[in-house]
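So that the names make sense, note that chain A is the first sequence line, chain B the second, and so on, each numbered from 1.
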Number of protein chains: 2
Amino acid sequence: MKPTRQTRNDLLKVARRHFAERGYQGTSLADVAAELGVSKQALLHHFKSKPLLYRACLDLLNQDLLHLLFTAMDGTEDADLQLERCLVALTEYYLEDGSAPALVMGVLTDAPGQVVLSAAPPLPLQDFLEPLVALVQATPRWQGGGFAEALAVAIELLGAICLLSAARKNLSVRFGVSAVEQGRRLAVEHARDLVRVRLGG
Amino acid sequence: MKPTRQTRNDLLKVARRHFAERGYQGTSLADVAAELGVSKQALLHHFKSKPLLYRACLDLLNQDLLHLLFTAMDGTEDADLQLERCLVALTEYYLEDGSAPALVMGVLTDAPGQVVLSAAPPLPLQDFLEPLVALVQATPRWQGGGFAEALAVAIELLGAICLLSAARKNLSVRFGVSAVEQGRRLAVEHARDLVRVRLGG
DNA sequence: ATTAATACTTACCAATTGGTAAGTTTTATG
DNA sequence: CATAAAACTTACCAATTGGTAAGTATTAAT
């Protein structure tokens, strides 16, 4: 009758939320374990160390993003449309999984020599970032600009889409829950507009 | 002949960089002090606690951003132009002060009940955010949409501008220094384009 | 020169961190 | 049922964390 046997995925889900809400350094294994009703060492049993637990969360995220990207690219050869679909899908993903945007931003702003980059290749989210940049570069608007410009544009779009969702709770305190939630309801539409306008100019 | 007397501003400059590069939780007072060649307690003498040191850094940042905002608003009544100037100036500021973008994103993604929001009002950067949102709302393109939409757009623009600079080192490892630096050289131009295109549609 | 305040330092400390060691229960398998 | 592996737990631990206490230089004002 004991609850026993937490599946590895349950652990990951909670850990992921902690990493997203408090950052890597701010997340304590004891806290995560406590919320799960497990001992800290249960975590360390499944994932050998804190960095590896983090990495496991990021690999799951990477998987989601990759699936999302390839789905968006499916059924058309039009790079503009592919990119639009991708960023719309990404926005929807952020809306339903609140921890994703913070994780993405965390991975990107994590400096070398810190947590993420010290891990074994491939770098987290690299499988997602590379095709995304390639997608921007395949676009009529940006294919003349070279890799560096495509990278800059891809990161710009990513940042534009991420921040509102990542800052959700914070902004709710600042400007009220209703304003933020109302704004978030426009997120998909805004993302679509943004991409179009950024590819049209 | 002793070096003696570090000015308070030197301490802040180093602390600020640490907070930006490693986040609040990842920053240790001992590390900051060590880099300054001072004892940890020298820091605690000037700023009473770690949260207050952080707050002091943010207040300085807030000051810079406010100055930047009001300068951008000076000399014209055209909201579009004001906003464009503001975000261009912000981009330039990010280019010259590498720690600023990470701090801004850190402040925004810091959840309530964590570090920043537990401090005394006003919330950090609030003095900057409010007029910025108001500026978006004053714009012909967005003045019909209400506060929530203006907030969403303001955060979108902020995110679009921040991330490339905040992720600089990380992206350099991923895609090479030259690509990132080349992309950053386009940052101001991109920011200007982005604002125009986002106000034009 | 005396005084008072500021700017420190050394010495501690309790709490928390990630992690190890060793043992116990549970589960699946033959 | 036997057995081995997986899923834990309790008990520790060294290191680091932010912070306090108390004393010492240094500086500036009287």
Side-chain angles (χ1 to χ4, degrees), chain A residues 1-58 106 110-111 113-120 124, chain B residues 1-58 106 110-111 113-120 124:
Chain A
M1 214 60 59
K2 292 231 218 74
T4 52
R5 182 92 102 100
Q6 295 270 7
T7 160
R8 190 186 139 107
N9 250 319
D10 290 337
L11 306 185
L12 277 179
K13 209 155 74 174
V14 172
R16 179 183 164 124
R17 228 193 43 242
H18 277 246
F19 282 129
E21 288 178 359
R22 320 193 219 249
Y24 176 81
Q25 311 267 11
T27 296
S28 109
L29 296 183
D31 282 359
V32 176
E35 184 177 324
L36 286 158
V38 198
S39 73
K40 178 181 58 173
Q41 288 68 10
L43 276 179
L44 287 171
H45 169 71
H46 284 278
F47 318 88
K48 266 208 38 104
S49 68
K50 191 187 179 184
L52 288 180
L53 171 60
Y54 187 45
R55 182 63 189 237
C57 292
L58 296 183
D110 182 39
Q114 306 265 111
V115 194
V116 173
L117 294 181
S118 61
Chain B
M1 215 56 63
K2 293 232 215 78
T4 52
R5 184 93 103 101
Q6 294 270 8
T7 160
R8 188 185 139 108
N9 251 320
D10 290 339
L11 305 184
L12 277 180
K13 209 155 74 173
V14 172
R16 179 183 165 123
R17 228 193 43 243
H18 277 245
F19 282 129
E21 288 178 359
R22 319 193 220 249
Y24 176 82
Q25 310 268 11
T27 296
S28 110
L29 296 183
D31 282 358
V32 176
E35 183 176 326
L36 286 158
V38 200
S39 72
K40 178 180 57 171
Q41 289 68 12
L43 277 181
L44 288 171
H45 168 72
H46 283 279
F47 318 88
K48 264 205 43 99
S49 67
K50 192 187 179 185
L52 288 179
L53 171 60
Y54 186 44
R55 181 64 189 236
C57 292
L58 296 183
D110 182 39
Q114 307 266 110
V115 195
V116 171
L117 294 180
S118 61

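Rounded to the nearest 0.5 angstrom, H46(A) NE2 and Q41(A) CD are separated by 12.0 Å.
For L44(A), the listed nucleotide lying nearest its side chain is dG19(C); candidates were dG19(C), dG19(D), dC8(D).
Per the geometry, CG belonging to L11(B) stands 11 Å off C1' belonging to dC8(C), to the nearest Å. Put simply, CG on L36(A) is 13 Å from C1' on dC8(D), counting in whole angstrom units. Distance NZ (K48(A)) to P (dG19(C)): 9 Å, rounded to an integer number of Å. Atom-to-atom, CG of L53(A) to P of dT17(C) comes out at 15 Å; the value is rounded to the nearest Å.
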Give every pair of a protein N or O atom and an N or O atom of nucleotides 11-13 of chain C that lie under 3.5 Å apart, one pair per line with the distance.
| unit_1 | atom_1 | unit_2 | atom_2 | d |
| --- | --- | --- | --- | --- |
| dA11(C) | N6 | Q41(B) | NE2 | 3.0 |

Going through the checks in order, is the side-chain contact (heavy atoms from CB on, under 4.5 Å) test met by R8(B) and F47(B)? CA-CA 9 Å; R8(B) 188 185 139 108; F47(B) 318 88; 3.5 Å; yes

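An OP1 or OP2 oxygen of dA7(D) is reached within less than 4.0 angstrom by a side-chain nitrogen or oxygen of H45(A). In this structure, H46(A) does not reach the dA6(D) phosphate: none of its side-chain N or O atoms is under 4.0 Å from OP1 or OP2.
With a 4.5 Å cut-off on side-chain heavy atoms, L43(B) and V38(B) do not count as touching. With a 4.5 Å cut-off on side-chain heavy atoms, L53(B) and L44(B) do not count as touching.
Shortest non-hydrogen contact noted between L58(A) and P124(A) is CD1-CB, 3.8 Å. Contact between A15(B) and C57(B) at its shortest, heavy atoms only, is CB-SG, 4.0 Å.
When atom types are taken as modelled, the side chain of K50(B) and the backbone of T27(B) share a donor-acceptor pair closer than 3.5 angstrom.
Within residues 21-31 of chain B, the residues having any heavy atom closer than 4.0 Å to DNA chain D are, in order of number, T27(B), S28(B), L29(B).
The aromatic rings of F19(A) and Y54(A) sit tilted, their planes meeting at an angle between 30° and 60°.
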